[in-house]
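Let me begin by presenting the structure, written as structure tokens, before commenting on it.
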Amino acid sequence: MRKGFDVRRQPGFTAIAMACFILLYLPIILLVAYSFNAGESIAIWEGFSWRWYASAWENEQVKDATIRSLILAASSSAVATTAAVLAALATTRSKPWRGQTVVFAMVNQPLMVPEIVTAVSLLIVFAVVKSFTGYTGLGYLILAHSAFCIPFAYMPVRARLQGMDLSLEQAGSDLYGTPLQVFRHITLPQLWPGILAGAMLAFVISLDDVVITEFVKSAGQDTLPTYMLGQLRRVVTPEINAISTALLAISVIMVTAFFFINKTRK
């Protein structure tokens with residue numbers, strides 16, 4: 001008698017999964033390893049050294065780009081998280097209203113549209129604004145990153161709100177609490193893990209973004225990722241590996257913290 005299909009047994013699945021993991025992570029492991037290379041080659045190992053980390057630390061361009069990236073990421077994550085909290089409250093703490101599905105789709109639109117399309121659209125809009133105002137500061141990058149990061153901050157906040165018990169908020173309203181008082185004393189203390197997780201996720205997305213930054217930035221507004229991209233077009237040294245490793249470490253720390261904070265709400 002022929003045996004039925006067993007979903008728990010997938011011949012060849014382990015080998016394919018291992019091959020995928022190797023192709024994904026081996027280049028990253030090599031990048032980190034060669035960031036400690038004593039020589040100037042990115043392909044020939046010449047001994048262990050902290051030389052390129054020291055070089056990156058003393059590079060004024062790297063310092064300027066790093067400070068600009070951190071300011072941009074912090075500002076964008078703050079704006080995006082604030083907008084995400086308001087959007088999440090509007091879509092989860094109100095009666096169903098006409099157009100709610102459209103609003104939900106619009107909030108998540110940056111996730112569905114290719115990033116290059118968003119970047120070109122922002123470039124066109126900001127070019128018009130620049131021609132009228134003459135302003136070419138960092139504000140355009142903050143607005144562009146904020147708009148792109150909103151759905152990343154919105155998802156954990158909305159998930160947190162949907163998992164919260166409404167009875168406490170209803171009790172607060174029954175005791176004549178204003179909507180602001182109910183939010184401040186009841187909703188916010190329960191919501192903060194989702195807000196913090198969303199803010200950290202938005203921070204990492206903004207910190208690592210290249211495409212939107214490359215299209216929107218003005219002259220002299222290089223962030224760390226766009227600075228690295230520019231260096232790759234010239235002379236490639238293990239200094240780029242060292243900067244990449246530092247960025248990778250920041251991203252891993254932030255994502256790990258996001259995981260544990262998100263886990264506390266369960």
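Every heavy atom of this structure was used, including side-chain atoms; hydrogens, water molecules and symmetry mates were not. All figures in this text were calculated on a predicted structure; none of them were measured in a lab.
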Would a single hydrophobic cluster contain both Val157 and Val79, if residues Ile, Leu, Val, Met, Phe, Trp and Tyr are joined by side-chain heavy-atom contacts under 4.5 Å? no
Could you go through the side chain to side chain contact (heavy atoms under 4.5 Å, CB included) check for Gln231 and Ile243 one step at a time? CA-CA 11 Å; Gln231 291 300 108; Ile243 299 171; over 6 Å; no
Is it the case that the side chain of Arg158 and the backbone of Ala88 share a donor-acceptor pair, with hydrogens and angles ignored and the cut-off at 3.5 Å? no
Considering only NZ, NE, NH1 and NH2 on the basic side and carboxylate oxygens on the acidic side, decide whether Asp222 and Lys217 come within less than 4.0 Å. yes
Shortest non-hydrogen pair, Pro189 vs Arg184, comes out as CD-O, 3.5 Å
Which atom of Pro238 lies closest to which atom of Gly39, heavy atoms considered: CG-O, 3.6 Å
The test is side chain to side chain contact (heavy atoms under 4.5 Å, CB included); show your working for Ile240 and Ser244 and say whether it passes. CA-CA 6 Å; Ile240 297 298; Ser244 301; 4.0 Å; yes
Single-linkage hydrophobic cluster Ile116~Phe148, side-chain heavy atoms < 4.5 angstrom: no
Could you give the distance from CZ (Arg160) to CG (Leu196), rounded to the nearest 0.5 Å? 11.5 Å
Are the side chains of Phe203 and Phe152 in touch, meaning some heavy atoms are under 4.5 Å apart? no
Could you label the plane-to-plane angle of the Tyr140 and Tyr135 rings as parallel, tilted or perpendicular, counting under 30° as parallel and over 60° as perpendicular? tilted
Measuring from atom CG of Leu141 to atom OG1 of Thr223, what distance do you get when rounded to the nearest 0.5 angstrom? 7.5 Å
Just wondering, more than 12 heavy atoms not from Phe48 lying within 6.0 Å of its CZ? yes
With the side chain counted from C-beta on, respond yes when Leu188 and Ile195 share a heavy-atom pair under 4.5 Å apart, and no when they do not. yes
Run the side chain to side chain contact (heavy atoms under 4.5 Å, CB included) check on Ile142 and Ile71 step by step: do they pass? CA-CA 9 Å; Ile142 293 175; Ile71 292 173; 5.6 Å; no
Under 4.5 Å between side-chain heavy atoms, hopping through other hydrophobics if needed: is there a path connecting Leu86 to Leu143? no
Taking the side chain as C-beta and beyond, is there a heavy-atom pair between Leu161 and Thr187 under 4.5 Å? yes
Enter the distance from Phe126:CZ to Thr133:OG1 here, rounded to the nearest 0.5 Å. 10.5 Å
So, taking the atom named CD1 in Ile253 and the one named CE in Met200, what distance separates them when rounded to the nearest 0.5 Å? 11.5 Å
Could you tell me whether the side chain of Ile212 reaches within less than 4.5 Å of the side chain of Leu123, counting heavy atoms only? no
Verify same cluster id: Val117, Val216 (apolar side-chain graph, 4.5 Å): no
Could you give the distance from CG (Asn59) to CG (Asp64), rounded to the nearest 0.5 Å? 9.0 Å
Give the C-alpha distance, both sets of side-chain angles, the deciding distance and a yes or no for side chain to side chain contact (heavy atoms under 4.5 Å, CB included) between Thr213 and His145. CA-CA 8 Å; Thr213 307; His145 279 226; 2.7 Å; yes
Sub-3.5 Å donor-acceptor pair from the side chain of Thr136 to the main-chain atoms of Ser218, do we have one? no
Any chance you could measure Glu58, atom CD, to Lys63, atom NZ, to the nearest 0.5 Å? 7.5 Å
What are the two closest heavy atoms between Leu229 and Glu214, and how far apart are they? CD2-OE1, 4.0 Å
Main-chain N/O of Gly220 paired to Arg68 side chain as donor or acceptor, under 3.5 Å: yes
Tyr154 versus Asn108: any side-chain heavy-atom pair under 4.5 Å? yes
Closest non-hydrogen atom pair between Pro225 and Ser69, with its separation: CD-OG, 4.0 Å
Contact summary for Ser75 and Ser146, nearest pair of heavy atoms: O-OG, 4.5 Å
Verify, without hydrogens or angle tests, whether Ser206 (side chain) and Ala202 (backbone) share a donor-acceptor contact under 3.5 angstrom. no
Using modelled atom types and a 3.5 Å cut-off, is there a donor and acceptor pairing between side-chain atoms of Ser77 and backbone atoms of Ala73? yes
Group every Ile, Leu, Val, Met, Phe, Trp and Tyr by side-chain heavy-atom contacts under 4.5 Å, then state whether Leu111 and Val113 land in the same group. no
Shortest non-hydrogen pair, Ala87 vs Val107, comes out as CB-CG2, 4.4 Å
Quick check: does any side chain N or O of Trp52 sit under 3.5 Å from a backbone N or O of Glu40, one acting as donor and the other as acceptor? no
Enclosure of Trp57 CH2 (heavy-atom neighbours >12, cutoff 6.0 Å): no
Expected output: side-chain Glu46 to main-chain Asn37 donor-acceptor under 3.5 Å: no
Could you list the donor-acceptor pairs under 3.5 angstrom formed between side-chain atoms of residues 17-35 and any protein atom two or more places apart in sequence or on another chain?
{"from": "Tyr34", "atom 1": "OH", "to": "Ala43", "atom 2": "O", "distance (Å)": "3.3"}
{"from": "Ser35", "atom 1": "OG", "to": "Val32", "atom 2": "O", "distance (Å)": "2.5"}
{"from": "Ser35", "atom 1": "OG", "to": "Tyr53", "atom 2": "OH", "distance (Å)": "2.8"}

